[in-house]
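Order of the sequence lines sets the chain letters (A, B, ...), proteins ahead of strands, with each chain counted from 1.
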4 protein chains.
Amino acid sequence: MLKPIIISDPFPRSLDLIFEKKKFLELKKNYKIISPPNKNKKDKKNFYEKNIAKATFIVGQPDLPRKLLIKALKLKAIFNVESNFMDNMDYEYCIKNGIHVLSTSPVFAQPVAELALGLTLSLARDIHNAHNDFIASKEKYGGKASKKNFLLKDKTFGMIGFGDLAKSLLPLLKPFSKKIYSYDPWVPHQYMLDNDVQPSSLNLLLKTCDVIYVLASITSKNQGLINKSKLDMIKKNACFILMSRAAIINFPDFYKKLKSSEIYAAIDVFPVEPVKKNDPIRKLKNVIFSAHRAGALDIVFKEMGNIVYEDMLLIQKNLPPRLCKRAEKETVGLLRSKPVDHN
Amino acid sequence: MLKPIIISDPFPRSLDLIFEKKKFLELKKNYKIISPPNKNKKDKKNFYEKNIAKATFIVGQPDLPRKLLIKALKLKAIFNVESNFMDNMDYEYCIKNGIHVLSTSPVFAQPVAELALGLTLSLARDIHNAHNDFIASKEKYGGKASKKNFLLKDKTFGMIGFGDLAKSLLPLLKPFSKKIYSYDPWVPHQYMLDNDVQPSSLNLLLKTCDVIYVLASITSKNQGLINKSKLDMIKKNACFILMSRAAIINFPDFYKKLKSSEIYAAIDVFPVEPVKKNDPIRKLKNVIFSAHRAGALDIVFKEMGNIVYEDMLLIQKNLPPRLCKRAEKETVGLLRSKPVDHN
Amino acid sequence: MLKPIIISDPFPRSLDLIFEKKKFLELKKNYKIISPPNKNKKDKKNFYEKNIAKATFIVGQPDLPRKLLIKALKLKAIFNVESNFMDNMDYEYCIKNGIHVLSTSPVFAQPVAELALGLTLSLARDIHNAHNDFIASKEKYGGKASKKNFLLKDKTFGMIGFGDLAKSLLPLLKPFSKKIYSYDPWVPHQYMLDNDVQPSSLNLLLKTCDVIYVLASITSKNQGLINKSKLDMIKKNACFILMSRAAIINFPDFYKKLKSSEIYAAIDVFPVEPVKKNDPIRKLKNVIFSAHRAGALDIVFKEMGNIVYEDMLLIQKNLPPRLCKRAEKETVGLLRSKPVDHN
Amino acid sequence: MLKPIIISDPFPRSLDLIFEKKKFLELKKNYKIISPPNKNKKDKKNFYEKNIAKATFIVGQPDLPRKLLIKALKLKAIFNVESNFMDNMDYEYCIKNGIHVLSTSPVFAQPVAELALGLTLSLARDIHNAHNDFIASKEKYGGKASKKNFLLKDKTFGMIGFGDLAKSLLPLLKPFSKKIYSYDPWVPHQYMLDNDVQPSSLNLLLKTCDVIYVLASITSKNQGLINKSKLDMIKKNACFILMSRAAIINFPDFYKKLKSSEIYAAIDVFPVEPVKKNDPIRKLKNVIFSAHRAGALDIVFKEMGNIVYEDMLLIQKNLPPRLCKRAEKETVGLLRSKPVDHN
């Protein structure tokens, strides 16, 4: 019997990056894997025109206009390993025709959540600065350097966005506090309450919370949402932890707010990366910086391969996929992420 | 009716440090507070000889030999606010005669636990170094700098010591992993199992765990316990987080082990503090340093006052204290902590 | 502006049953609700032919063949309030054409889970029989009647089926034990592990577990799955708790197994309901019986209305529904539940 | 070397009852066990006068007046396996002289908690009556018999007493609701808050809670505490679950309240046991009865032996006991339990 065919085109990632050796061998045993040429656009287009009719799965996020998809009669699923749904394929056609469009983004939830908590604890206890003082032989012992430190115990936490990231952060926060708010216009209140989270307006969340996490996807509707007037609602000495997408924030306003030194921040994502070497943001003392490092661990890329493989197995058994995230007809068009340019 | 008398002698701490204003006023409303002169030893001795018979409570850790305690007929409790039981009072006499000797050490459990987790996450994700790289405009984006980073999810954790510190750290670790071991010769296995912790020998713990926390009190029996042969049991790339007492570790052996670069460490306590400015330990790249900062937060000192006050209320109602930690006749003599020299 | 139209046809349920008064008023304020005549089949068919083109939502599970659905150009969602997907509508057409087919079955998960635990505790501690003995003035005190009673603490639990029911039962079981297995061929192992559940084969689960819950939907593939050979794998004195669908069990085999008295059982669902008055199953002493009562609480029916209403709001805002359960193209055809004949 | 001597006198329990075979053998290997004659009081007295000086441990609750204890120079601990501190030994002398007086009562916490939850679920879902209806072939299916049933989800729970029983029940209740109140005048509010429990006055608890558990020990101060005026504070349709000691309740008032049918109750303990055969309480339809069965399981008696043995080991190593409950000088005189007359 013929093996089902996978078109592997996971640029900027590679199957090597996302599959453990053992799993990769298993994949190759059970599927025939073909790849488009890397050379030029035209060759690539020809490859797809020639091969798409044979493919059961596509791993990657190639250009897939309707006229190509119409030929994809065997195609059961497209595994987007970028985690962004870009504007280069006909999602509507796929969804209508029972082709699953799946993202491996859930693998990033745990690493982002762990880093978010680590950054929060570093801010709360000044871990990074105390370490630097020690290295420089100018450390202060005991309470002398900790006067302004605070505990996370019983603090009020807020999560802007209640998707995968929030749901991975939630269990890490619960042992610290029961006071956890969330704002997410895409999620019904009942769903938050079922997770022991208090649904909140954005304004109430900003005004109330001691620690605020930005965990939302960027959409055509929330670009620049957190601007001066929103930032001014934040309590003095609160921590603002920016984890998901910089575009949700009006960055010039954010810089001004931080410069006024009334709040603390942790920043993992920036509007332009790399940040300019002389960007004044680098001088801010009340900020802990991380260079888009939240999700990008070797072990996490391998986890991508695992969930792709498991969902392929389910789909082959004519069952719905369970581990990857599905593109939804209502929202796929609203998501506005840029392609990744580094792993 | 006469107010009960408190002898306040909390050196090196002060009632101001440990009581919130409001609580302090309440205390002064309900009790008469007297304090020994600070001048010289003889005046202090005279003060105690004159006043101990009248006191219901002592807050502090003054010298209290038997011949003084014999006069303390009204004394119900001594609140040690140093958190160390030093060799300067007759504990046996107190315990036999129904005088509670209580320590406020439980207030330190939560701040130590939070810092321990913060240090672990900083090591796991290189938070402090990535921040420094960013400040120095030499950051690497995404996975380029994170190749060796790891998740805490599903790691194996070990806790040396299963007292107050461990019990505060435990709920913070549980959302990351179910694999949590502990070694504590003072604690029955059943008690650990009841807390979903796997009882372990010290050797098994050292050999098995990915993250090892030192959370034990120092006793006459565990000084230098973790020496070269023990340190050599630790797995490559494991994290060793030293939180409670430096004397449990053979520090020269520890330095050599760390210099060989096979493990990561976080160190909050040192055999001599302050550490010498030119101590070579400061050069180690695989260590994150904290200068005995785990417990010393303003908010934590105020918590001391709260638990002292609550336990006074219970004792006044002829009920056993519940929040402070009692000196136990069996173990008080084994504890070997030095007095604190900084708050 | 015209209100969107809801076709309300929730037989055997009624909008009165499933909506709280206040919510019902809100619904009527925001939507125009029309209902088919109850009289005869032909009138009903005419009603749909005339009105389906105008409807935004249908609440109910009427016959909806393709030729009718083709006219339903405004239709956004069908809310099945029976919780069973019957073979009377063209699901494929709906899914292809972006019409959500939604079931309110998630509202039953909590009540089923609570009853399942209640029945288990009644078996473990013989609560029902001890109560009857007391009523009959023949009670035995203390341990005399409890020799064979057992604790749930640290028992090994097994869940056949890992859907909504299992996920509601899971948090209720976790405080009793960490040893929880599940068998579900539709669910990847990773998903169970992420929920701290041990994935298992059916045979291993049956052989290992002290308490076994049947929580699976009935499909064309699992009818009669638990037959004599499977039942014989169950450990002596284990509890078998049948909550979801009787058809998963070979009932004659089950009766024989129970008659041999080696296991305990709780039964909430039966192959034919009502059970015959003289059915010998009623005589079994090792069984606690419940007459299909797990989900049918007034408060639960009102919850149906709540999740229908919330998901309508999301769909009206062009967002995906979040609280009801979607029919999946792969599985909707496999589900084989009979219509309910009582609420 | 001579084995340490245990005086075994655990009437009405026996070492056979409380030790597993294997553990009993281990005990006999490491200790010399001697027992008083069972015949008459005088022989028993002689036995103690002759042997108490040699004993390291006593397992049991014999009469131990001061003049006998004065001779007990080797005695380290008395293990009360009745779980009640009766007025037949000089507790003050023991505590002053470093003799631990320990109770095995903690072993009952888990079985009492599990039964308490089982009884609550039986009341909430009418499990016992629905079973009886089925047996009698008069069952009603689905919602017909469940109109008044309710879910525990999100109910408000109250615990009168916050000792061992409450702390074992607490984790079983938390998955149902975050709204858990407790009243206990012996426990500081901070301690409850640390356990995520809301401290409350008795009146507020009675007025607020949907499910009320009586879990307190009986003391000279709380006898008859819950009388008519307190019972009248309870909300209509609330559940009142009496688990610990009947004497806390004014039983005639309780009977009248229950007869008025406005609340539901579960009763495991009665003022006089056995309850008279013609006691009208047996006719109450809104009560589920259990004949003092909460703690008395075979497996629980064996657990007694385990914690006695583990604490013996600690004491022999000159460490404080950790698993049994210590008599406290402040409270031992207030406890007023009757001796058990059945196991």
Side-chain angles (χ1 to χ4, degrees), chain A residues 110-111 114-115 117-122 124-128 130-137 139-153 171-172 174-176 273-279 282-283 288-301 340-343, chain B residues 110-111 114-115 117-122 124-128 130-137 139-153 171-172 174-176 273-279 282-283 288-301 340-343:
Chain A
Q110 182 69 21
E114 293 196 9
L115 186 66
L117 180 60
L119 292 167
T120 312
L121 285 163
S122 278
R125 303 302 286 280
D126 218 18
I127 291 173
H128 49 304
H131 170 74
N132 286 344
D133 285 351
F134 194 94
I135 295 293
S137 296
E139 76 275 13
K140 289 178 188 152
Y141 287 80
K144 275 170 222 136
S146 316
K147 289 286 174 217
K148 288 182 159 186
N149 284 194
F150 56 90
L151 296 182
L152 298 195
K153 184 82 187 167
L172 309 189
K174 278 183 179 174
F176 292 98
E273 296 173 3
V275 174
K276 279 188 196 158
K277 285 203 187 290
N278 61 352
D279 192 315
R282 297 183 189 267
K283 306 279 188 209
I288 185 164
F289 296 99
S290 172
H292 211 137
R293 302 167 66 255
L297 281 75
D298 266 21
I299 193 180
V300 171
F301 292 124
V340 291
D341 45 17
H342 47 75
N343 275 312
Chain B
Q110 182 69 22
E114 293 195 9
L115 186 66
L117 180 59
L119 291 168
T120 312
L121 285 163
S122 278
R125 304 300 287 277
D126 219 19
I127 291 173
H128 49 305
H131 170 74
N132 287 343
D133 285 351
F134 194 95
I135 295 293
S137 297
E139 77 275 11
K140 289 177 188 151
Y141 286 80
K144 274 169 222 134
S146 315
K147 290 286 175 217
K148 285 181 160 188
N149 283 196
F150 55 91
L151 296 182
L152 297 195
K153 185 80 187 166
L172 309 188
K174 277 184 179 173
F176 292 99
E273 296 173 4
V275 174
K276 278 188 198 158
K277 287 202 184 290
N278 61 353
D279 191 315
R282 296 181 188 268
K283 307 279 188 209
I288 184 163
F289 296 99
S290 173
H292 209 138
R293 304 167 65 256
L297 281 74
D298 266 22
I299 193 180
V300 170
F301 292 125
V340 290
D341 45 17
H342 48 76
N343 276 312

Chain A contact via Asn132(B) - side chain, backbone, both or neither, heavy atoms under 4.5 Å: side chain
Less than 4.5 Å to any heavy atom of chain A: does that hold for the side chain of Lys174(B), its backbone, both, or neither? neither
Between the CD1 atom in Ile127(B) and the CG atom in Leu115(A), the distance rounded to the nearest 0.5 Å is 5.0 Å
Looking only at Ile135(B), Leu152(B), Ile299(B), most heavy-atom pairs under 4.5 Å shared with chain A are made by Leu152(B)
Selection from Ala124(B), Ser137(B), Gly118(B) maximising heavy-atom pairs under 4.5 Å formed with chain A: Ser137(B)
Can you see which heavy atom on Leu117(B) is nearest to which on Leu117(A), and at what distance? CD2-CD2, 3.8 Å
Can you name the nearest heavy-atom pair linking Gly143(A) to Ala296(B), along with the distance? N-CB, 3.1 Å
If you tally heavy-atom pairs under 4.5 Å against chain B, which of Asn278(A), Asp126(A), Asp279(A) wins? Asp126(A)
Which of Ala136(A), Ser122(A), Gly295(A), Pro274(A) touches chain B most, by non-hydrogen pairs under 4.5 Å: Pro274(A)
What part of Val275(A) gets closer than 4.5 Å to chain B, counting heavy atoms only: side chain, backbone, both or neither? both
Heavy-atom distances under 4.5 Å only: say whether Lys283(A) touches chain B with side chain, backbone, both or neither. neither
Close side-chain approach of Leu172(A) to Phe176(B), heavy-atom, < 4.5 Å: yes
Could you tell me if the side chain of Asp133(B) sits less than 4.5 Å from the side chain of Phe289(A), heavy atoms only? no
Check for a donor-acceptor pair, side chain of Arg125(B) on one end and backbone N or O of Pro111(A) on the other, with a separation under 3.5 Å. yes
Option among Arg293(A), His292(A), Arg282(A) that satisfies the side-chain contact (heavy atoms from CB on, under 4.5 Å) test with Glu139(B): Arg282(A)
Kindly check if the number of other-residue, nucleotide or ligand heavy atoms within 6.0 Å of NZ (Lys153(B)) is above 12? yes
Hits for side-chain hydrogen bond (donor to acceptor under 3.5 Å, both in side chains) against Gln110(B), two or more places apart or cross-chain, chain-then-number order -> Glu114(B)
Which word best sums up how the rings of His128(B) and His131(A) line up, parallel for under 30°, tilted for 30 to 60°, or perpendicular for over 60°? perpendicular
